[in-house]
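Proteins get letters first, then strands, A, B, ... in listed order; numbering begins at 1 in each.
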Number of protein chains: 2
Amino acid sequence: MGPLLIIGGNEDKTGERVILKRVVELTQQSSRTPAIGVVTTASRQGESAYQRYHRIFADLGVDQVLDFTLESRKEAEASAMVERMVGTATLFFSGGDQLRITSVLGGTAFHQALLQEHKRGLNIAGTSAGASMMSDTMIVTGDAEEAPTKNTVHMAPGMGLWVGAVIDQHFSQRGRIGRLLSALAQNPGILGVGLDEDTAIEVRLDQGIVDVWGSRTVTLLDGRQVACTNASESSADRPLAITGVTLHVLPQGYGFDLNTRRPYQRQRED
Amino acid sequence: MGPLLIIGGNEDKTGERVILKRVVELTQQSSRTPAIGVVTTASRQGESAYQRYHRIFADLGVDQVLDFTLESRKEAEASAMVERMVGTATLFFSGGDQLRITSVLGGTAFHQALLQEHKRGLNIAGTSAGASMMSDTMIVTGDAEEAPTKNTVHMAPGMGLWVGAVIDQHFSQRGRIGRLLSALAQNPGILGVGLDEDTAIEVRLDQGIVDVWGSRTVTLLDGRQVACTNASESSADRPLAITGVTLHVLPQGYGFDLNTRRPYQRQRED
């Protein structure tokens with residue numbers, strides 16, 4: 001099973017490029033064809049998004065940057081794109097609107113192949129909307145910077161690459177903890193993942209580990225110890241109650257064990 | 001010992017006025033003279049702040065609304081203001097800049113009398129800056145909406161009414177969890193208290209209880225289970241690490257036991 005590299009948006013594209021270099025590293029370490037396919041479905045300017053990432057990945061030494069400018073369900077059902085994916089080391093989902101990703105790709109031949117190739121070692125990276133879509137249930141919209149209410153967050157089915165998590169991006173930058181808490185209150189069994197800009201997690205589901213990369217922090221909200229929420233009782237606009245959430249703030253050099261639900265410090269700084 | 005009524009700013013002044021009515025109720029329940037003194041030191045427009053709250057409290061049935069427009073240390077050392085405080089049921093600290101409160105009042109005869117009268121039953125209410133100043137160490141400034149770093153928060157000695165807590169206000173509205181986490185990382189023994197606008201806590205230190213009032217939520221960050229922070233290691237602008245924080249989001253109808261460190265639901269909705 002390939003790792004997921006889930007990026008909180010606005011990753012450094014001109015400086016150290018820690019995260020995008022990690023995408024390249026994972027691509028080069030793969031036993032598959034060392035190519036990166038750029039899926040631009042989230043964007044309304046798919047072609048320019050592809051050109052942009054093409055330049056960046058080429059500059060970082062990737063010879064094959066493949067165009068997955070998928071804009072319709074028809075294209076997502078066609079065999080051409082599926083064939084292009086098979087054997088490729090990495091797919092990179094660019095940002096935009098996560099509902100475009102799920103409404104165009106959800107349930108198509110491309111989606112089926114994505115899930116299957118992921119199990120066969122395909123690396124899947126995604127930034128911003130491309131991060132949100134990874135989970136089973138994804139956040140679509142929600143008020144930031146208001147007190148959390150049931151109404152704070154609207155969710156939809158995601159692409160199902162990471163079951164049991166809900167991912168939010170641009171997290172500290174847009175004050176989004178309220179909407180992630182609202183999501184958690186509705187099902188404390190999920191792991192709430194808040195990714196700051198220029199920050200990513202590398203998730204290896206087969207090993208149950210999550211490692212942090214980038215310049216800022218990842219906020220994990222673990223609801224396993226939640227004693228009470230009023231999510232089912234209160235009307236939509238009433239303020240939320242949720243007690244006993246365990247919160248971790250982790251920068252690069254730290255990780256999280258999904259089995260024990262404990263954070264750890266990596267042996268060496270990467 | 002009188003209760004503290006600590007308000008996250010922007011309390012409703014024209015509608016239901018739940019919080020300001022609670023100030024009046026506490027005043028009327030007191031065995032002391034049923035008067036409210038308005039301390040406007042935080043504001044540069046002290047006189048107009050006094051007039052504003054005078055109108056509101058008079059409208060809510062308080063006959064005596066006393067003027068504590070203290071603007072200099074000299075005034076805060078004078079016996080007139082101390083005498084006016086003795087026997088009064090409630091002092092209400094209006095908003096503005098918490099550093100004005102501590103720099104004008106800190107260590108003066110007025111401050112000494114405040115601590116002493118509080119022990120003798122004086123109710124102390126405060127909104128916004130008047131909330132922040134209550135703790136032993138207070139947040140002065142800090143970047144919101146950035147990832148937490150050591151640098152995210154600047155603190156100063158507060159008025160020492162609530163030892164062991166750090167209070168932040170306008171909490172969800174200004175995306176301030178990062179700076180409260182930065183404060184907590186530096187000393188996980190404190191209780192981090194994030195008050196939303198139009199939301200208050202009534203703190204009875206002698207009973208060890210905290211009750212929530214108002215239309216939004218209070219976020220409590222309890223650091224007792226924190227396993228690690230990098231507050232002492234990392235340089236000022238490195239991203240913060242803190243693991244194992246317990247987080248509670250509580251609306252009106254809920255409370256928190258300071259001794260057991262557990263939230264509770266009040267028997268009836270107030």
Colleague: Quick check: are there more than 12 heavy atoms from other residues, nucleotides or ligands sitting under 6.0 Å from CZ of Arg52(B)?
Modeller: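 Count not over threshold, so no.
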Colleague: For Arg262(B), I'd like to know if atom CZ has over 12 heavy atoms of other residues, nucleotides or ligands within 6.0 Å.
Modeller: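 Open.
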Colleague: Can you tell me how far CD of Gln225(B) sits from CD of Gln225(A), rounded to the nearest 0.5 angstrom?
Modeller: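 That separation rounds to 9.5 Å.
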Colleague: Heavy-atom count around Arg261(A) CZ within 6.0 Å, excluding the residue itself: above 12?
Modeller: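 Yes, CZ of Arg261(A) has more than 12 neighbouring heavy atoms, counting only those of other groups under 6.0 Å.
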Colleague: Answer yes or no: does atom CD of Glu16(A) have more than 12 heavy-atom neighbours from other residues, nucleotides or ligands under 6.0 Å?
Modeller: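 No - once you tally the heavy atoms of other residues, nucleotides and ligands closer than 6.0 Å, there are 12 at most.
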Colleague: For a quick test of reading the model, state the closest non-hydrogen atom pair linking Val249(B) to Leu240(A) and the distance between them.
Modeller: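 Closest heavy-atom pair between Val249(B) and Leu240(A): CG1-O, 3.6 Å.
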Colleague: Quick one: what part of Thr219(B) sits under 4.5 Å from any heavy atom of chain A, side chain, backbone, both or neither?
Modeller: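 Neither; nothing under 4.5 Å.
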Colleague: Once you round to the nearest 0.5 Å, how far does CG of Asp222(B) lie from OG1 of Thr243(A)?
Modeller: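 Reported value, rounded in 0.5 Å steps: 12.0 Å.
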Colleague: Measuring from atom SG of Cys228(A) to atom NE2 of His248(B), what distance do you get when rounded to the nearest 0.5 angstrom?
Modeller: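 Cys228(A) SG to His248(B) NE2: 10.0 Å, rounded to 0.5 Å.
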Colleague: Please say whether more than 12 non-hydrogen atoms of neighbouring residues, nucleotides or ligands are located less than 6.0 Å from CD in Glu25(B).
Modeller: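 Above 12, so yes.
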Colleague: Please report the interatomic distance OH(Tyr254(A)) to CD1(Ile242(B)), rounded to the nearest 0.5 Å.
Modeller: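 Taking OH in Tyr254(A) and CD1 in Ile242(B), the distance rounds to 10.5 Å.
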Colleague: Could you walk me through whether Leu181(A) and Leu247(B) pass the side chain to side chain contact (heavy atoms under 4.5 Å, CB included) test, one step at a time?
Modeller: CA-CA 10 Å; Leu181(A) 284 165; Leu247(B) 177 149; 3.7 Å; yes
Colleague: How many angstroms lie between CZ in Arg238(B) and CD in Gln252(A), if you round to the nearest 0.5 Å?
Modeller: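 Atom-to-atom, Arg238(B):CZ and Gln252(A):CD are 8.5 Å apart.
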Colleague: Using a cut-off of under 4.5 Å for heavy-atom pairs, which of Ser215(A), Ala227(A), Gly244(A), Gly178(A) has the most such pairs with chain B?
Modeller: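 Result: the option with the highest number of such pairs is Gly244(A).
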